[in-house]
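Written below as structure tokens is the structure these notes are about.
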Amino acid sequence: MANKISEINQKQATLGKQINFKTNSGNTVQVSGGTYGWALDTSSATKHLENAWLENKSTLEAKPDIYGKGYLTYGLGYNNLTNDGIGSTYAEVSISAQRVWLYKNGQQVATSNIVTGKHSTGEDTPKGVWYIMYKQSPSVLSGSEAGNSNYSVKVKYWAQFTNSGCGFHDASWRTNWSSTAYLNDGSGGCANTPSDKMENIYNNLSQGEPVIVY
């Protein structure tokens with residue numbers, strides 16, 4: 001049974017696997033890493049399979065045996081059978097283009113220029129397949145970054161997507177919004193979003209939604 005569960009995880013589970021993602025520009029990129037996805041817990045699934053066999057059941061609901069990583073530990077995307085498990089509702093972040101696009105049911109519903117993590121100090125926004133952990137409005141962001149060991153700033157909108165504390169937020173203090181700002185004047189890892197765009201971005205994001213960063 002354990003071997004069979006391992007086989008299912010290898011063939012169907014999405015947690016931690018590389019995906020082929022078609023970008024807004026029409027190109028296909030390979031993205032790996034991150035916390036989005038699901039896999040079967042071998043111990044739990046084996047126990048449920050044994051009980052089902054003893055009770056002569058022909059089918060078994062697998063959802064209770066699914067797990068995930070990060071803030072939401074129950075696994076995500078189990079019912080998404082398209083787009084390498086991503087489905088058709090997601091946020092797309094391009095580091096090179098310094099832009100975010102939001103899609104719902106395959107249709108683009110919002111987009112904005114952004115400034116991601118500062119490249120020159122190694123604070124790049126991490127690439128991978130993440131998910132919106134939670135949303136908060138307003139919020140106070142605190143932590144550390146290169147050149148600032150202890151900061152605390154107020155923002156109107158906050159949507160975190162990595163365990164390390166990266167997320168989308170407005171940045172009223174930022175004056176440099178150029179497409180190359182991230183190289184030497186980027187954030188501490190977050191996706192800084194213009195104040196006049198952030199409300200729409202925030203309202204079109206949902207908890208658990210995939211965030212693909214490449």
Side-chain angles (χ1 to χ4, degrees), residues 1-23 28-93 100-107 109 125-137 139 158-168 189-191 201-214:
M1 287 184 183
N3 288 339
K4 186 62 179 179
I5 293 167
S6 177
E7 181 182 325
I8 292 172
N9 275 333
Q10 290 176 6
K11 290 183 177 180
Q12 294 178 260
T14 58
L15 190 62
K17 292 185 178 178
Q18 179 176 278
I19 69 166
N20 294 309
F21 179 73
K22 187 175 181 180
T23 70
T28 298
V29 296
Q30 294 182 325
V31 186
S32 59
T35 54
Y36 179 84
W38 65 272
L40 287 170
D41 179 270
T42 301
S43 177
S44 175
T46 298
K47 181 178 179 180
H48 287 150
L49 280 171
E50 289 174 346
N51 291 337
W53 181 72
L54 290 171
E55 295 171 7
N56 199 31
K57 292 182 178 179
S58 59
T59 60
L60 177 65
E61 173 58 59
K63 197 168 184 178
D65 303 317
I66 289 172
Y67 73 93
K69 288 183 177 180
Y71 190 76
L72 304 176
T73 58
Y74 49 75
L76 295 163
Y78 177 66
N79 294 319
N80 288 337
L81 304 179
T82 60
N83 204 13
D84 269 3
I86 296 300
S88 58
T89 297
Y90 55 86
E92 173 185 349
V93 174
V100 58
W101 298 269
L102 303 188
Y103 290 87
K104 286 191 182 300
N105 300 317
Q107 299 297 314
V109 295
T125 301
K127 296 178 180 179
V129 186
W130 311 93
Y131 62 84
I132 297 298
M133 297 165 58
Y134 69 94
K135 297 168 56 180
Q136 190 175 55
S137 178
S139 185
W158 169 240
Q160 186 168 330
F161 58 80
T162 76
N163 289 339
S164 60
C166 297
F168 299 102
C190 289
I201 295 295
Y202 183 87
N203 289 337
N204 278 287
L205 289 170
S206 302
Q207 185 182 42
E209 180 175 333
V211 179
I212 302 92
V213 183
Y214 61 89

Could you tabulate the donor-acceptor pairs under 3.5 Å formed by side-chain atoms of residues 204-214, not counting sequence neighbours?
{"from": "N204", "atom 1": "ND2", "to": "N200", "atom 2": "O", "distance (Å)": "2.9"}
{"from": "N204", "atom 1": "ND2", "to": "N200", "atom 2": "OD1", "distance (Å)": "2.9"}
{"from": "Q207", "atom 1": "NE2", "to": "M133", "atom 2": "O", "distance (Å)": "2.8"}
{"from": "E209", "atom 1": "OE1", "to": "S206", "atom 2": "N", "distance (Å)": "3.0"}
{"from": "Y214", "atom 1": "OH", "to": "E92", "atom 2": "OE2", "distance (Å)": "2.5"}

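- Rounding to the nearest 0.5 Å gives a distance of 7.5 Å between CD1 of I86 and OG1 of T14.
- The NZ atom of K17 sits 8.5 Å away from atom CD of Q12, with the distance rounded to the nearest 0.5 Å.
- For S164, the side-chain hydrogen bond (donor to acceptor under 3.5 Å, both in side chains) partners at least two apart in sequence or on another chain are T162.
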(request) With side chain to side chain contact (heavy atoms under 4.5 Å, CB included) as the test, would you mind laying out the steps for T125 and V93 before giving the verdict? (result) CA-CA 10 Å; T125 301; V93 174; 5.6 Å; no
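- For the pair Q160 and C166, the tightest heavy-atom approach, listed with the atom from each and the gap, is CG-O, 3.5 Å.
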Distance-only donor-acceptor hits, side chain of residues 32-39, under 3.5 Å, sequence neighbours excluded:
{"from": "Y36", "atom 1": "OH", "to": "N80", "atom 2": "ND2", "distance (Å)": "3.0"}
{"from": "Y36", "atom 1": "OH", "to": "G85", "atom 2": "O", "distance (Å)": "3.3"}

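- Evaluation of the side chain to side chain contact (heavy atoms under 4.5 Å, CB included) rule for I5 yields N9, L40, T42, A45, T46, L49 as partners, not counting sequence neighbours.
- The ring of F168 has its center no closer than 6.0 angstrom to the ring center of Y202.
- For K57, the side-chain hydrogen bond (donor to acceptor under 3.5 Å, both in side chains) test picks out E55, with sequence neighbours left out.
- Under the side chain to side chain contact (heavy atoms under 4.5 Å, CB included) criterion, Q30 pairs with Q18, N20, not counting sequence neighbours.
- Within the model, atoms CG of L76 and CD1 of I132 stand 11.5 Å from one another, a figure rounded to the nearest 0.5 Å.
- For T89, there are no side-chain hydrogen bond (donor to acceptor under 3.5 Å, both in side chains) partners, not counting sequence neighbours.
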Donor-acceptor pairs under 3.5 Å, side chain of residues 63-74 to any protein atom, not counting sequence neighbours: which ones?
{"from": "D65", "atom 1": "OD1", "to": "S44", "atom 2": "OG", "distance (Å)": "2.5"}
{"from": "D65", "atom 1": "OD1", "to": "H48", "atom 2": "ND1", "distance (Å)": "2.5"}
{"from": "D65", "atom 1": "OD2", "to": "H48", "atom 2": "ND1", "distance (Å)": "3.2"}

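- Not a single ring-ring contact (aromatic ring centres under 6.0 Å, His included) links Y131 to another residue, sequence neighbours left out.
- In terms of the side chain to side chain contact (heavy atoms under 4.5 Å, CB included) criterion, N56 has no residue partners (sequence neighbours excluded).
- Closest approach of G167 to C190, counting heavy atoms only: O-CB, 3.3 Å.
- Remark: K4 engages E7 in a salt bridge (charged side-chain N to carboxylate O under 4.0 Å, His left out) (not counting sequence neighbours).
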(message) Could you walk me through whether F21 and V129 satisfy the side chain to side chain contact (heavy atoms under 4.5 Å, CB included) test, starting with their C-alpha distance in whole Å, then the side-chain angles of each, then the deciding distance to 0.1 Å, before giving a yes or no?
(response) CA-CA 10 Å; F21 179 73; V129 186; over 6 Å; no
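- Checked against side-chain hydrogen bond (donor to acceptor under 3.5 Å, both in side chains), S137 has no partners two or more places apart in sequence or in another chain.
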